Undergrad: 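Got a structure for you, questions after.
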Amino acid sequence: MPDAVVTRFAPSPTGFLHIGGARTALFNWLYARGRGGKFLLRIEDTDRNRSTPEATAAILEGMAWLGMDHDGDVISQFDGADRHAEVAHHLLAEGKAYKCFSTQEEIAEFRDAARAEGRSTLFRSPWRDTESSTPPDAPYVIRIKAPQDGETIIRDQVQGDVTISNSQLDDMVLLRSDGTPVYMLAVVVDDHDMGVTHVIRGDDHLNNAARQMTIYQAMGWNIPIWAHIPLIHGPDGKKLSKRHGALGAQEYQAMGYPASGMRNYLTRLGWSHGNDEFFTDEQALDWFGLDGIGKSPARFDLKKLENLCGQHIAITDDAALRHEIVNYLAAANLPALSSDQEEAIERAMYCLKERAKTLPELVEKAHFALISRPVRQDEKSTKSLDDVSRRILSELTPQLQNVKWSRDELEEVLGAFAQAQDTKFGKLAGPLRAALAGRAVTPSVYDMMLVLGRDETLARLADTAG
RNA sequence: GGCCCGUUCGUCUAUCGGUUAGGACGCCAGGUUUUCAACCUGGAAAGACGAGUUCGAUUCUCGUACGGGCUACCA
């Protein structure tokens with residue numbers, strides 16, 4: 001029987017949660033949650049100089065926005081320093097690691113020379129096999145004794161079997177000369193101690209996997225199942241960087257993309273389930289697997305994101321959209337809606353959500369329901385309010401006094417009115433839009449009347465008819 | 001420099017030796033219409049290149065080109 005799945009997302013807190021990291025987290029989350037497994041979160045903060053609490057907070061917020069909940073506490077890798085050192089010393093005692101007294105200057109010199117001569121820059125410590133000689137009274141690092149013959153095969157679920165010659169493996173540092181553990185050791189120890197069964201991470205770690213395997217083997221630990229996923233590139237095909245603009249998860253939230261659409265897009269980016277493009281979280285959880293992950297890097301495409309977001313907005317229920325809008329406004333640092341406005345936007349939602357791709361578009365289209373009298377006219381709507389139009393509006397208003405306030409009825413009355421004026425409804429629509437919304441671009445006139453209600457509609461018409 | 005990975009329409013991708021190489025986004029044209037959208041119909045658009053294996057390669061192998069990654073007492 002297979003063990004329960006345990007995955008983890010292990011970002012370093014050196015900046016916000018970028019889109020590539022978000023997708024890595026998502027893949028781990030989907031894989032674990034789709035199989036009733038656990039999804040753990042570990043902050044790789046062993047580099048004290050580059051780690052900041054602000055970055056950790058930003059990562060947590062980004063994950064919360066995308067709805068990726070983790071099991072247990074957030075683990076700080078730095079907190080496990082003692083345990084990491086303990087493993088290093090255990091390996092030292094076992095003779096599987098050794099003290100290396102070479103200084104950083106010596107090593108740098110060696111590498112420069114090697115590179116200049118076109119030789120391998122792999123550093124071979126002279127201290128690897130000198131246990132008997134008397135150790136100098138000087139600072140040292142602890143290095144692992146990596147195998148030098150044979151080869152290491154990374155059995156990767158995405159990349160296939162990747163064979164690395166052990167002659168390429170260096171005796172990497174486990175413990176720095178100040179006694180602190182290095183990332184390469186810490187990941188292995190933490191992943192083992194946390195019971196991680198599947199390591200799903202960016203393929204920038206593919207080569208590292210071979211080096212990390214030497215630690216697993218030295219400790220006699222089971223090697224997790226590897227899955228190294230390709231990185232995401234920017235629209236220009238280059239590596240994703242801050243130069244591409246807003247790339248933090250938070251910023252996409254502030255731009256008004258709904259989390260459900262973002263999840264869908266990110267999941268589909270580099271992963272496929274036949275030709276399925278648009279799917280719900282339930283389907284993603286059900287379908288997601290390592291075998292559907294592609295091997296080549298994908299570019300981030302806002303158009304596709306928008307399209308998917310539009311489809312998600314269309315199927316989200318009105319009350320949920322109301323809450324998403326409230327959260328979006330806060331994330332974007334925009335003024336909040338009053339409770340009346342919130343109710344109005346929820347009431348109007350039915351005629352807005354099938355035509356908006358993003359949350360701000362939803363708010364924009366809801367303009368008519370958010371404003372209060374007197375309606376202020378923008379430039380374009382002013383043009384449709386000449387004297388003739390105003391006269392027509394004033395003739396129309398009384399006719400709406402006693403009709404049944406339903407779409408069918410309104411269509412009939414307005415249609416008949418247009419005919420009586422010897423014109424078409426299309427001619428009436430402009431002035432009506434102006435009167436009701438103060439704009440030339442609005443939802444359907446009938447929908448606006450229904451959302452606004454009889455009293456408000458008549459009041460706005462009367463205001464404008466003058 | 002050494003080692004590793006990748007390469008199907010502009011973009012995301014399907015294909016698990018035999019297909020008119022399919023879908024989606026975007027784009028173009030037409031339709032519908034109450035403005036903007038949405039929606040409907042149609043269209044243009046791809047196997048990096050070169051060898052080899054095979055009756056037959058997008059698919060398997062090798063090479064080249066291009067892109068990416070790793071090569072720290074960073075993560």
Side-chain angles (χ1 to χ4, degrees), chain A residues 10-14 44-47 49-51 77 100 102-104 107-108 111 114-123 139-143 154 156 158-160 162-165 167-170 172-184 186-187 202-211 228 230-231 233 235 237-239 265 268-278 294-308 310 314 352 354-357 361 364-365 380-381 384 414 424-430 432-433 437 439-446:
Chain A
S12 34
T14 54
E44 313 235 306
D45 52 358
T46 53
D47 184 344
N49 295 327
R50 296 200 301 163
S51 301
Q77 186 160 64
C100 170
S102 298
T103 65
Q104 293 190 59
I107 298 170
R111 275 201 250 267
R115 187 177 288 271
E117 291 169 34
R119 285 182 290 117
S120 164
T121 56
L122 212 72
F123 177 67
Y140 60 87
V141 297
I142 294 182
R143 289 182 184 274
I154 304 164
D156 195 279
V158 173
Q159 308 289 341
V162 177
T163 304
I164 309 265
S165 167
S167 62
Q168 296 298 319
L169 263 26
D170 63 338
M172 61 188 170
V173 171
L174 264 20
L175 241 46
R176 301 187 182 95
S177 52
D178 64 359
T180 59
V182 137
Y183 161 78
M184 212 63 80
V187 238
D203 69 6
D204 48 336
H205 287 284
L206 182 58
N207 286 287
N208 287 337
R211 308 170 79 209
H228 289 94
L231 269 14
H233 287 177
K238 296 286 185 212
K239 195 185 173 186
Y265 176 71
R268 187 66 176 79
L269 193 60
W271 171 84
S272 63
H273 181 264
N275 280 331
D276 294 307
E277 303 284 346
F278 168 73
K295 299 172 79 167
S296 52
R299 303 186 190 197
F300 192 77
D301 178 20
L302 280 174
K303 291 289 191 189
K304 182 95 177 232
L305 203 217
E306 277 179 13
N307 177 275
L308 253 13
L352 309 174
E354 282 180 18
R355 26 172 85 204
K357 292 187 171 82
E361 267 184 54
E364 169 61 27
K365 290 179 193 303
K380 280 187 182 156
S381 64
S384 54
L414 285 171
K424 285 196 290 191
F425 176 69
K427 287 284 180 193
L428 287 181
L432 280 168
R433 269 178 234 290
R439 295 189 173 186
V441 176
T442 73
S444 151
V445 167
Y446 300 115

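Worth saying up front: this structure is predicted, and the values here are computed from it rather than measured. Chain naming here is simple, since letters A, B, ... match the order of the sequence lines and numbering starts at 1 in each. Quick note: numbers below take in every heavy atom, side chains included, and nothing from hydrogens, waters or symmetry partners.
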Undergrad: Determine the contact category for G294(A): base if any of its heavy atoms lies under 4.0 Å from a base atom, sugar-phosphate if only primed atoms, P, OP1 or OP2 are that close, otherwise nothing.
TA: nothing
Undergrad: Closest nucleotide of RNA chain B for R299(A) versus for R143(A): which of these residues is on the 5' side?
TA: R299(A)
Undergrad: Does R176(A) place a side-chain N or O at less than 4.0 Å from the phosphate oxygens OP1/OP2 of rA75(B)?
TA: yes
Undergrad: Say you pick atom C1' in rU41(B) and the same atom in rU32(B); how far apart are they, in whole Å?
TA: 11 Å
Undergrad: Within less than 4.0 Å of OP1 or OP2 of rC73(B), is there a side-chain N or O belonging to S177(A)?
TA: no
Undergrad: When all nucleic acid strands are considered with a 4.0 Å heavy-atom cut-off, which category describes R115(A): base, sugar-phosphate, or nothing?
TA: base
Undergrad: Work out how far the C1' atom of rG47(B) is from that of rC60(B), and round it to whole angstrom.
TA: 15 Å
Undergrad: Pairing check on rA45(B): which nucleotide meets the Watson-Crick or G-U wobble criteria with it, both distances under 3.5 Å?
TA: none
Undergrad: With a 4.0 Å cut-off on heavy atoms, is H205(A) in touch with a base, just the backbone sugar-phosphate, or nothing at all?
TA: base
Undergrad: Provide the distance between the two C1' atoms, one in rU54(B) and one in rU59(B), to the nearest whole Å.
TA: 13 Å
Undergrad: Counting only Watson-Crick or G-U wobble pairs whose two distances fall under 3.5 Å, which nucleotide matches rU54(B)?
TA: none
Undergrad: Expressed in angstrom and rounded to an integer, what is the separation of M184(A) atom CE from rC74(B) atom C1'?
TA: 9 Å
Undergrad: Tell me the interatomic distance from E306(A), atom CD, to rA38(B), atom P, rounded to whole angstroms.
TA: 11 Å
Undergrad: Need one value for V162(A): base, sugar-phosphate or nothing, where a base atom within 4.0 Å counts as base even if backbone is also close, heavy atoms only.
TA: sugar-phosphate
Undergrad: Give a yes or no answer on whether the side chain of Y265(A) reaches the backbone of D301(A) with a donor-acceptor pair at less than 3.5 Å.
TA: yes
Undergrad: In whole Å, I'd like the distance from the CD1 atom of I154(A) to the P atom of rG6(B).
TA: 12 Å
Undergrad: Using the side-chain heavy atoms of P297(A), tell me which of these nucleotides is nearest: rC4(B), rG6(B), rC73(B).
TA: rG6(B)
Undergrad: With a 3.5 Å limit on both atom pairs, tell me what rG30(B) is paired to, counting Watson-Crick and G-U wobble, or say none.
TA: rC40(B)
Undergrad: Taking the same atom, C1', in rU13(B) and in rU7(B), what whole-Å distance lies between them?
TA: 14 Å
Undergrad: Calculate the interatomic distance between N307(A) atom CG and rC27(B) atom P; express it in whole Å.
TA: 10 Å
Undergrad: Just by distance, with hydrogens left out, do R50(A) and T14(A) show a side-chain donor and acceptor under 3.5 Å apart?
TA: no
Undergrad: Using a cut-off of 4.0 Å on non-hydrogen atoms, how would the nucleic acid contact of S102(A) be classed: base, sugar-phosphate, or nothing?
TA: base
Undergrad: Using purine N1 to pyrimidine N3 plus N6-O4 or O6-N4 for Watson-Crick, or N1-O2 and O6-N3 for G-U wobble, each under 3.5 Å, what pairs with rU59(B)?
TA: none
Undergrad: Table please: side-chain donor-acceptor pairs of residues 177-184 of chain A below 3.5 Å, with sequence neighbours left out.
TA:
residue : atom : partner : partner atom : Å
D178(A) : OD1  : T180(A) : N            : 3.0
D178(A) : OD1  : T180(A) : OG1          : 2.6
T180(A) : OG1  : R176(A) : NH1          : 3.0
Y183(A) : OH   : H205(A) : ND1          : 3.4

Undergrad: Suppose you measure atom P in rA45(B) against the same atom in rU11(B); what distance do you get, rounded to whole Å?
TA: 16 Å
Undergrad: What nucleotide among rA75(B), rU13(B), rU35(B) has an atom nearest to a side-chain atom of A298(A)?
TA: rU13(B)
Undergrad: If you assign L175(A) and Q159(A) each to the RNA chain B nucleotide with the nearest heavy atom, which residue ends up on the more 5' nucleotide?
TA: Q159(A)
Undergrad: I164(A) and A210(A): which non-hydrogen atoms are nearest, and at how many Å?
TA: CG1-CB, 4.0 Å
Undergrad: Tell me: NZ of K357(A) to P of rA24(B), nearest whole Å?
TA: 16 Å
Undergrad: What contact category does S51(A) fall into here, base, sugar-phosphate, or nothing, at under 4.0 angstrom with non-hydrogen atoms?
TA: nothing
Undergrad: Check every strand shown and say whether P139(A) touches a base, only sugar-phosphate, or nothing at a heavy-atom separation below 4.0 Å.
TA: nothing
Undergrad: Is there a side-chain contact between R111(A) and the phosphate of rC73(B), meaning an N or O under 4.0 Å from OP1 or OP2?
TA: yes
Undergrad: Checking only heavy atoms, does the side chain of R50(A) share a donor-acceptor pair with the base of rC74(B) at less than 3.5 Å?
TA: yes
Undergrad: At 4.0 Å (heavy atoms only), tell me whether V182(A) reaches a base, stays on the sugar-phosphate, or touches nothing.
TA: sugar-phosphate
Undergrad: Over all strands shown, is T121(A) touching base, sugar-phosphate only, or nothing at heavy-atom distances under 4.0 angstrom?
TA: base
Undergrad: Which heavy atom of L428(A) sits nearest a heavy atom of L414(A), and at what distance?
TA: CD1-O, 4.0 Å
Undergrad: Using a cut-off of 4.0 Å on non-hydrogen atoms, how would the nucleic acid contact of N208(A) be classed: base, sugar-phosphate, or nothing?
TA: base
Undergrad: Between rA51(B) and rC70(B), how many Å separate the two C1' atoms, rounded to a whole number?
TA: 31 Å
Undergrad: With a 3.5 Å limit on both atom pairs, tell me what rA24(B) is paired to, counting Watson-Crick and G-U wobble, or say none.
TA: rU11(B)
Undergrad: In plain terms, say whether E354(A) and K365(A) are close enough for a salt bridge, that is, a side-chain N and a carboxylate O under 4.0 Å apart.
TA: no
Undergrad: Just how far, in rounded Å, is C1' of rG2(B) from CG of L169(A)?
TA: 13 Å
Undergrad: Checking all strands, does A440(A) fall into the base, sugar-phosphate, or nothing category for heavy-atom contacts under 4.0 angstrom?
TA: base
Undergrad: Assign M172(A) to base, sugar-phosphate, or nothing according to its heavy-atom contacts below 4.0 angstrom with the strands shown.
TA: nothing
Undergrad: Looking only at atom P, what distance separates rG22(B) and rG30(B), rounded to whole Å?
TA: 26 Å
Undergrad: Does H233(A) lie flat on the base of rG67(B), that is, centres under 5.5 Å apart and planes under 30° off?
TA: no
Undergrad: Please state how far atom CD in E361(A) lies from atom P in rC36(B), giving the value in whole angstrom units.
TA: 15 Å
Undergrad: Could you check whether any side-chain heavy atom of L175(A) comes within less than 4.5 Å of a side-chain heavy atom of V141(A), counting everything from C-beta outward?
TA: no
Undergrad: What integer distance in Å separates Q104(A):CD from rC73(B):P?
TA: 6 Å
Undergrad: As a test of reading the structure: which of rA14(B), rG23(B), rC3(B) is closest to the side chain of S272(A), going by heavy atoms?
TA: rA14(B)
Undergrad: Identify the heavy atoms of Q159(A) and L206(A) that sit nearest to each other, and give their distance.
TA: CG-CD2, 4.1 Å
Undergrad: Using only modelled atom types and a 3.5 angstrom limit, is any donor from either the side chain of R355(A) or the base of rC36(B) paired with an acceptor on the other?
TA: yes
Undergrad: Looking at E361(A) and R355(A), is there a salt bridge between them, counting it only when a charged N and a carboxylate O are closer than 4.0 Å?
TA: no
Undergrad: Touch check for S444(A), heavy atoms < 4.0 angstrom, all strands: base, sugar-phosphate only, or nothing?
TA: base
Undergrad: Surrounding CD of E306(A) (heavy atoms of other residues, nucleotides or ligands, distance under 6.0 Å), is the total greater than 12?
TA: yes
Undergrad: At under 4.0 Å, does any side-chain N or O of K303(A) touch on OP1 or OP2 of rA24(B)?
TA: no
Undergrad: Using atom C1' in both nucleotides, what's the gap between rG31(B) and rA38(B) to the nearest angstrom?
TA: 14 Å
Undergrad: Can you tell me whether the side chain of N275(A) and the base of rG22(B) have a donor-acceptor pair closer than 3.5 Å?
TA: yes
Undergrad: What is the nucleic acid contact for E44(A), judged by heavy atoms within less than 4.0 Å: base, sugar-phosphate only, or nothing?
TA: sugar-phosphate
Undergrad: Compare side-chain N and O positions of K304(A) against OP1 and OP2 of rU11(B) and report whether any pair is under 4.0 Å apart.
TA: no
Undergrad: Name the pairing partner of rC70(B), where a pair is Watson-Crick or G-U wobble with both distances under 3.5 Å, or state none.
TA: rG2(B)
